[in-house]
Amino acid sequence: MSNRDNILNRLKQNTLSEPVKIESNVSSFVWSKDEKITQLTKCITAVHGEVHHLTNIHWIDWLNQELPKRGLKQVLIGRNKVTDEYTYKADKSVTIHHYDKPIDSWKDKLFNQIDVGLTTTVGAIAKTGSLILWPDAAEPRLLSLVPPVHIALLDANTIFDTFEQAIEELEWAKNTPSNALLISGPSKTADIEQTLAYGIHGPKELIVLIIDK
Amino acid sequence: MNQTEAFYQRIEKALQNDQVRQNIRSAMNGLMQKRAEQFNDPEELSELREKARSIRHYSLAKQAELLEKLEQKLIENGIQVHWAETAQQANNIISTILKDAGAKTIVKGKSMVSEEIGLNDYLEQQQIEVLESDLGEFIIQLAKEPPSHIVAPAIHKNRQQIAKLFHHFFPELSYSEDVNELTLMARKILREKFEKADAGVSGVNFAVAETGTLCLVENEGNGRLSTTSPDLHIAITGIEKVVEKLSDIPGLLNMLTKSATGQTITTYFNMISRPRQPDEKDGPRAVHLVLLDNGRSRIRFDNDLLETLRCIRCGSCMNHCPVYVHVGGHAYGTTYPGPIGTVLEPQLAGINNIGALTSACSLCGACAEVCPVKIPLPKLINQLRAEAVNEHFSDKPVLGKGSLRKTPEVIAWSIWQKIYSNPFLYKTFSWFATSLNFLTPSKLGKWSKYRTVPKPAKKSLNQLAQENGFDYE
């Protein structure tokens, strides 16, 4: 008998009566788009994230204004239709790098030379202030993690009320991505005296640009 | 020295260290307050706890079926599954995977199961370099200490102690007692390790059977780096962590983060379902999951004891425990301290090894009140106390039953029982106790080391009641 069979056999010896599981009530509350943006902004700024609601400025113009001011020059992007546009319109002070080769050959550069990782998002969760990312071949997993600044583009129409609702509406269980992430602020720790400190291993800054036309 | 003496010695040592007690006290106060702020509606809290309890109970009821489903989905997804009955087997499996891959250096995300099996020591003996990357774990690894809390492992240390530790190991970095500076130092030291490590090892918070997904909860990003940057990722988890559906996750995640650290949600919730796919640019090329039993299936065999396995490791029970707050995690001498440790450890290792832990409880009930999955911890502690002194107390499959039985104690209780169940003996006894109360000894061995021996009153309650006109029945 294998370890596996031994364990499973022991577990099968005690059959419990049919238990009742309380399922989630997905439509327990319904927020308007503005309410969701307000709630999301409140949550993310409370944990030292930045949120900018862009209604009459294009996100590329916003980046072209802000990145030079902040001294951010090396920007890494995926091969994504949305972010590709930035390649041609970026401010002259900015160098665009594409995450289009397997990481093994240029890990050193990713870890040591990039200032900003720019990603899109699948959506967000208003209640907890979380961005939903499904990294893939076009926007790899480390793009939102290794650079010290993570800028995320969020379409205002893709904000869900709750995680439960996102799972249902995105048909998450059916479309399981290789890696999925909820990101709810910049990297932080409270391991020393329960005192909060930001930027321990992941990005020190999280900037969310809500695109709302 | 027997286990009880050893335990009391650890407690003695802990009680003498005022610095550590102060560090723990202030941290626990903060955690309790933050949790309370998250759960400000008692009615909602009660519903959320009941829901989380039901999800965990359902998962345990269907455990074999769900583990088989999980295994099947993980294999479909390209994740390799291993089963370990014991700690030794788990260590063997992991070191074999590492050796086959030629991995010499590994970075670890925080994992209590890896502490349970003593993975770091095992791998270091095989000349594999193991680096803990969670800041708290990194600190205690430098100090060569075990975690003192399951969520905040270095909570017993203050910033001055940590500053000295960093300065000792990294003298090239300038000395600082500032928390931000210390954090940046750790970032700098560990970043290179993440970049160069051959493999990453992590735990698992929830494993979803429906989708074959390993979920990790964290704030720092070290868990994501450990599981994404190296070419090989090995996850290890107890077999009880499986849940049925993805839709079970939000209810548990919500209770976990709020109960553990008082956060609405942690910075990162990382859900891993596949290794790097052919067109993907990063992520580990191989992902392995080690499913560890190590006594859990025995606990599950009994319908009362299996409540232990609902635990989602939030640490809330220890944050609220008056005993834990005073003695700290190291006094327990086990991987899991506090109320959950008191219940789990004697069941895993046997009462004959660590049953003395059950004496470190005042049955105040604070842990049961805050447990997000409603584990009746005091009830279970009481049960184990009874099992510890009576081999025939129940037919529950507890290891080392009756091993703490002591003859003087048995005699004392049987005399007490005789006296209290016979009116004549009771009356005679109380007459002697009250009228000869000047004969009460002032010392009663070890019992009176920290307690004042009670002196019977001159008149018994019975006498006083009669004098005050109560009818004697």
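Model, not experiment: these values are computed from the prediction. A note on names: the letters A, B, ... follow the listed sequences, proteins ahead of strands, and every chain is numbered from 1.
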- Message: As an exercise: rank B:Lys188, B:Arg296, B:Arg298, B:Gln89 by heavy-atom pairs under 4.5 Å with chain A and give me the winner.
- Response: B:Gln89
- Query: Between B:Leu190 and chain A, which part of the residue has a heavy atom less than 4.5 Å away: side chain, backbone, both or neither?
  - Reply: side chain
- Query: Side chain, backbone, both or neither: which part of B:Leu184 has an atom under 4.5 Å from a heavy atom of chain A?
  - Reply: side chain
- Measure B:Ala52 against the heavy atoms of chain A and call it side chain, backbone, both or neither at under 4.5 Å. neither
- Task: Counting only heavy atoms closer than 4.5 Å, note whether B:Glu218 contacts chain A via side chain, backbone, both or neither.
- Result: neither
- Query: At a heavy-atom separation under 4.5 Å, does B:Leu60 approach chain A through its side chain, its backbone, both, or neither?
  - Reply: neither
- Message: Could you check whether any side-chain N or O of B:Asp293 sits under 3.5 Å from a backbone N or O of A:Ile7, counting only pairs where one atom can act as donor and the other as acceptor?
- Response: no
- Query: Within residues 173-180 of chain A, which positions have a heavy-atom distance to chain B below 4.5 Å?
  - Reply: A:Ala173, A:Thr176, A:Pro177, A:Ser178, A:Asn179, A:Ala180
- Where the side chain of B:Ser54 meets the backbone of A:Ile22, is there a donor-acceptor pair that is under 3.5 Å apart? yes
- Per-residue contact mode, B:Arg56 against chain A (heavy atom under 4.5 angstrom): neither
- Message: Could you report the tightest heavy-atom contact between A:Glu23 and B:Ser247, atom names first, then the distance?
- Response: OE1-OG, 4.3 Å
- Task: Counting only heavy atoms closer than 4.5 Å, note whether B:Leu225 contacts chain A via side chain, backbone, both or neither.
- Result: both
- Task: Could you look at B:Asp248 and say if it's the side chain, the backbone, both or neither that has a heavy atom under 4.5 Å from chain A?
- Result: side chain
- Counting only heavy atoms closer than 4.5 Å, note whether A:Lys101 contacts chain B via side chain, backbone, both or neither. backbone
- Task: May I ask you to decide if B:Phe301's main-chain N or O and A:Arg10's side chain share a donor-acceptor pair within less than 3.5 Å?
- Result: no
- Message: Under 4.5 Å from any heavy atom of chain B, what part of A:Asn9 do you find: side chain, backbone, both or neither?
- Response: neither
- Item | Test log, rule side-chain contact (heavy atoms from CB on, under 4.5 Å), inputs A:Gln194 and B:Asn29 | CA-CA 10 Å; A:Gln194 287 293 297; B:Asn29 285 350; over 6 Å; no
- Message: Is a donor from one side chain sitting under 3.5 angstrom from an acceptor on the other, for B:Arg224 and A:Ser144?
- Response: yes
- Would you mind checking if A:Lys107 and B:Glu195 are paired as a salt bridge, meaning a charged N to carboxylate O distance below 4.0 Å? no
- Measuring heavy-atom distances to chain A, does B:Asp231 have an atom under 4.5 Å in its side chain, in its backbone, in both, or in neither? side chain
- Task: Sort B:Pro230 into side chain, backbone, both or neither according to what part of it lies under 4.5 angstrom from a heavy atom of chain A.
- Result: backbone
- N-O pairing of A:Asp191 and B:Lys110 below 4.0 Å: no
- Message: Please classify the contact of B:Lys196 with chain A as side chain, backbone, both or neither, using a heavy-atom distance under 4.5 Å.
- Response: neither
- Task: Mark yes or no for whether B:Glu220, through its side chain, and A:Ile200, through its backbone, hold a donor-acceptor pair below 3.5 Å.
- Result: no
- Message: Donor-acceptor check, side chain of A:His201 to backbone of B:Phe194, threshold 3.5 angstrom: yes or no?
- Response: no
- Item | B:Trp83 backbone acceptor or donor facing A:Asn3 side chain under 3.5 Å | yes
- Item | Per-residue contact mode, B:Leu67 against chain A (heavy atom under 4.5 angstrom) | side chain
- Counting N and O atoms only, with roles assigned by atom type, does the side chain of B:Arg187 sit under 3.5 Å from a partner on the main chain of A:Gly199, one being a donor and the other an acceptor? yes
- Query: Heavy-atom distance under 4.5 Å to chain A: side chain of B:Glu192, backbone, both or neither?
  - Reply: neither
